[in-house]
*Asks:* 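Dropping a structure here in structure tokens format, bear with me for questions.
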Amino acid sequence: MASKHLFFFASILFFSAVSVLAEENQGLVMDYYKDTCPQAEDIIREQVKLLYKRHKNTAFSWLRNIFHDCFVESCDASLLLDSTRRMLSEKETDRSFGMRNFRYIETIKEAVERECPGVVSCADILVLSGRDGIVALGGPHIPLKTGRRDGRKSRADILEQHLPDHNESMSVVLERFANIGINTPGVVALLGSHSVGRTHCVKLVHRLYPEVDPQLNPSHVPHMLKKCPDPIPDPKAVQYVRNDRGTPMILDNNYYRNILDNKGLMLVDHQLATDKRTKPYVKKMAKSQDYFFKEFSRAIAILSENNPLTGTKGEIRKQCNLANKLH
């Protein structure tokens with residue numbers, strides 16, 4: 001009799017251990033919240049539409065959030081955390097200069113929390129708002145998996161080890177992307193995000209002063225000088241150049257035609273159009289928006305799945321700017 005009891009309890013412990021292990025190893029899936037919060041993705045989509053209608057530049061921010069959060073070690077909404085006495089926020093580093101509109105992520109989170117308290121992670125909200133922001137900009141709808149959980153710490157101290165800068169060599173840029181599984185056409189497609197939004201003069205003046213970069217298209221230079229009249233611009237001033245003067249609010253392949261015409265604003269744009277490893281894909285995307293969208297969608301999906309916290313790892317934050325232990 002005793003041996004039967006021992007076997008029974010051993011079986012319970014075994015299946016409990018298997019259950020815990022399965023939960024810890026649970027990965028991302030399509031429609032993760034279908035049972036726990038079936039309206040989650042609809043709520044996020046509607047909030048994105050409402051906010052975009054009021055504040056058009058939010059869509060650029062949501063798209064940029066995916067890149068800045070998911071590229072740095074894990075797609076876990078660490079980007080959204082505020083600085084504390086012990087921790088510098090990623091969003092306050094020099095590499096995150098110009099990023100804004102984080103408060104609207106909180107607006108979306110509050111709407112989701114009203115429907116399903118404590119269920120949907122900020123990491124999933126960050127990714128899904130980026131996906132829906134892409135659609136608002138005229139880009140493709142990209143099916144993305146969910147089930148991420150939120151990290152508890154900023155990665156500001158390692159940000160520059162992972163996130164490529166606009167002044168990096170193309171070799172470094174390609175290597176950084178390859179480290180997270182994105183190949184060369186994927187890199188070219190993701191940099192097509194520069195089709196929308198604007199570039200602050202702080203990131204451009206080295207191409208204008210003390211002498212104009214001879215690689216710039218001469219017809220584009222007067223506009224850049226007009227928008228960036230100071231060799232040392234005030235970082236707090238709103239001085240910028242639209243990335244694409246033709247279709248500045250539309251995510252399209254006009255970017256590739258611009259950079260082939262030497263109208264790329266940043267060095268990385270110029271390198272993309274001239275480096276022998278990337279130029280063939282630039283030409284192909286300049287000719288075919290369908291090809292651009294296909295590679296862009298594939299690269300965004302890979303980026304959004306970079307080393308997420310799932311299962312029992314991390315937490316579901318109550319507020320996206322604070323880890324729960326700080327409440």
Side-chain angles (χ1 to χ4, degrees), residues 18-53 58-59 61-71 73-81 101-137 139-153 297-325 327:
V18 169
S19 177
V20 168
L21 187 61
E23 185 178 358
E24 286 181 347
N25 291 333
Q26 182 178 0
L28 303 179
V29 295
M30 290 293 179
D31 204 10
Y32 176 82
Y33 298 105
K34 63 181 179 181
D35 297 323
T36 55
C37 188
Q39 299 301 314
E41 294 200 25
D42 290 335
I43 293 170
I44 294 168
R45 188 177 300 109
E46 287 307 309
Q47 286 295 313
V48 165
K49 287 180 180 178
L50 287 170
L51 289 163
Y52 178 70
K53 190 174 181 180
T58 54
S61 301
W62 292 322
L63 173 54
R64 194 177 176 192
N65 284 344
I66 296 181
F67 177 70
H68 278 256
D69 184 62
C70 296
F71 217 104
E73 203 167 75
S74 175
C75 201
D76 66 348
S78 60
L79 171 71
L80 304 178
L81 291 170
N101 295 323
F102 296 109
R103 65 188 183 280
Y104 296 128
I105 292 288
E106 294 294 345
T107 301
I108 300 171
K109 172 69 169 175
E110 288 166 6
V112 174
E113 285 292 299
R114 287 193 291 270
E115 177 73 17
C116 311
V119 175
V120 182
S121 69
C122 296
D124 277 339
I125 289 173
L126 181 150
V127 166
L128 294 178
S129 62
R131 179 193 69 182
D132 297 333
I134 289 167
V135 172
L137 292 167
H141 172 76
I142 308 170
L144 295 178
K145 297 176 181 178
T146 44
R148 298 166 192 78
R149 287 169 66 85
D150 300 321
R152 298 187 177 96
K153 64 179 182 178
S297 299
R298 183 179 62 83
I300 286 285
I302 294 170
L303 181 59
S304 74
E305 295 177 22
N306 183 34
N307 193 31
L309 301 178
T310 59
T312 56
K313 297 175 182 176
E315 63 185 18
I316 305 296
R317 288 184 213 148
K318 295 177 184 177
Q319 291 178 220
C320 291
N321 63 325
L322 297 171
N324 288 344
K325 64 183 179 181
H327 281 263

*Asks:* Verify whether one side chain among Tyr33 and Asp124 offers a donor that lies under 3.5 Å from an acceptor in the other.
*Replies:*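 Tyr33 vs Asp124: donor-acceptor pair found between side chains.
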*Asks:* Could you tell me which non-hydrogen atom of Trp62 sits nearest to which non-hydrogen atom of Tyr104, and how far apart they are?
*Replies:*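 Shortest heavy-atom separation between Trp62 and Tyr104 comes out as CZ2-CB, 4.2 Å.
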*Asks:* Can any side-chain N or O of Arg114 pair as donor or acceptor with the backbone N or O of Lys109 at less than 3.5 Å?
*Replies:*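 It does not hold such a pair.
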*Asks:* Where do Ala59 and Gly133 come nearest, in terms of heavy atoms and distance?
*Replies:*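 Taking every non-hydrogen atom into account, CB-O, 3.8 Å.
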*Asks:* Does any non-hydrogen side-chain atom of Pro143 lie less than 4.5 Å from one of Met30?
*Replies:*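 The answer is yes, as the side chains (C-beta and beyond) meet within the 4.5 Å cut-off.
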*Asks:* Could you tell me if the side chain of Asn65 sits less than 4.5 Å from the side chain of Phe102, heavy atoms only?
*Replies:*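 The answer is yes; the side chains approach within 4.5 Å.
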*Asks:* Quick one: does Arg148's side chain have a donor or acceptor within less than 3.5 Å of a partner on Thr310's backbone?
*Replies:*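 No; judged by distance alone, with no hydrogens or angles, the pair does not exist.
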*Asks:* Would a distance-only check, ignoring hydrogens and angles, find a side-chain to backbone donor-acceptor pair under 3.5 Å from Asn324 to Lys318?
*Replies:*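 Yes, Asn324 side chain to Lys318 backbone: donor-acceptor pair under 3.5 Å.
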*Asks:* Could you state the interatomic distance from OG (Ser121) to CD (Glu315), rounded to the nearest 0.5 Å?
*Replies:*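 Answer for the OG-CD pair, Ser121 versus Glu315, is 10.5 Å.
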*Asks:* Sequence neighbours excluded, which residues qualify as salt bridge (charged side-chain N to carboxylate O under 4.0 Å, His left out) partners of Arg298?
*Replies:*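 Salt bridge (charged side-chain N to carboxylate O under 4.0 Å, His left out) check on Arg298 returns Glu295.
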*Asks:* Would you check if Ile108 and Leu51 make a side-chain contact, meaning some heavy-atom pair closer than 4.5 Å?
*Replies:*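 Side chain of Ile108 against side chain of Leu51, heavy atoms only: contact under 4.5 Å found.
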*Asks:* What distance do Leu63 atom CG and Asp132 atom CG have between them, rounded to the nearest 0.5 Å?
*Replies:*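 Those atoms lie 12.0 Å apart.
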*Asks:* Sequence neighbours left out, what passes salt bridge (charged side-chain N to carboxylate O under 4.0 Å, His left out) with Arg45? Give chain and number order.
*Replies:*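 Listed in chain order: Asp42.
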*Asks:* So do the side chains of Leu81 and Leu322 get within less than 4.5 Å of each other, counting heavy atoms only?
*Replies:*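 Result no, sub-4.5 Å side-chain heavy-atom pair not found.
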*Asks:* I'd like to know if the side chain of Glu113 reaches the main chain of Gly118, judged simply by a donor and an acceptor atom lying under 3.5 Å from each other, with no hydrogens or angles considered.
*Replies:*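 Looks like yes, one N/O pair under 3.5 Å.
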*Asks:* To the nearest 0.5 Å, what is the distance between CD1 on Ile105 and CD on Gln47?
*Replies:*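 Going from CD1 on Ile105 over to CD on Gln47, the span is 11.0 Å.
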*Asks:* Leu128: which residues meet the side-chain contact (heavy atoms from CB on, under 4.5 Å) condition with it, sequence neighbours left out?
*Replies:*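 Checked Leu128 against side-chain contact (heavy atoms from CB on, under 4.5 Å); matches are Glu41, Ile44, Arg131, Thr146.
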*Asks:* Nearest heavy-atom pair of Val120 and Ala40: which atoms, and what distance?
*Replies:*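 Smallest interatomic distance, heavy atoms only, reads CG2-CB, 3.9 Å.
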*Asks:* Counting distance only, does the side-chain N/O of Glu106 pair as donor-acceptor with the main-chain N or O of Asn321 below 3.5 Å?
*Replies:*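 Judged by distance alone, yes, a pair lies under 3.5 Å.
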*Asks:* With no hydrogens and no angle check, is any side-chain donor or acceptor of Asp150 less than 3.5 Å from a backbone partner on Ile316?
*Replies:*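 No, Asp150 side chain to Ile316 backbone: no donor-acceptor pair under 3.5 Å.
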*Asks:* When you measure from the side chain of Asp69 to the backbone of Asp76, do you find a donor-acceptor pair of N or O atoms at a distance under 3.5 Å?
*Replies:*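 Such a contact is found between Asp69 side chain and Asp76 backbone.
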*Asks:* I'd like to know if the side chain of Ser74 and the backbone of Asn307 have a donor-acceptor N/O pair within less than 3.5 Å.
*Replies:*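 The answer is yes, because a donor-acceptor pair under 3.5 Å joins these two groups.
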*Asks:* Tell me whether Thr107 contacts the main-chain N or O of Arg103 through its side chain, where contact means a donor paired with an acceptor under 3.5 Å.
*Replies:*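 Yes, because the side chain of Thr107 sits within donor-acceptor range (under 3.5 Å) of the backbone of Arg103.
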*Asks:* Would you name the heavy atoms of Cys75 and Ser304 that are closest together and state the gap between them?
*Replies:*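 In terms of heavy atoms, the two residues are closest at SG-O, 3.5 Å.
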*Asks:* So which atom in Asn306 and which in Cys70 form the shortest heavy-atom distance, rounded to 0.1 Å?
*Replies:*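 What the structure gives for the nearest pair is ND2-O, 2.7 Å.
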*Asks:* Arg317 and Cys122: which non-hydrogen atoms are nearest, and at how many Å?
*Replies:*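 Minimum heavy-atom contact is CB-SG, 4.0 Å.
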*Asks:* Within the distance-only criterion (no hydrogens, no angle test), does the side chain of Arg149 pair as donor or acceptor with the backbone N or O of Lys313 below 3.5 angstrom?
*Replies:*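 At least one qualifying donor-acceptor pair exists.
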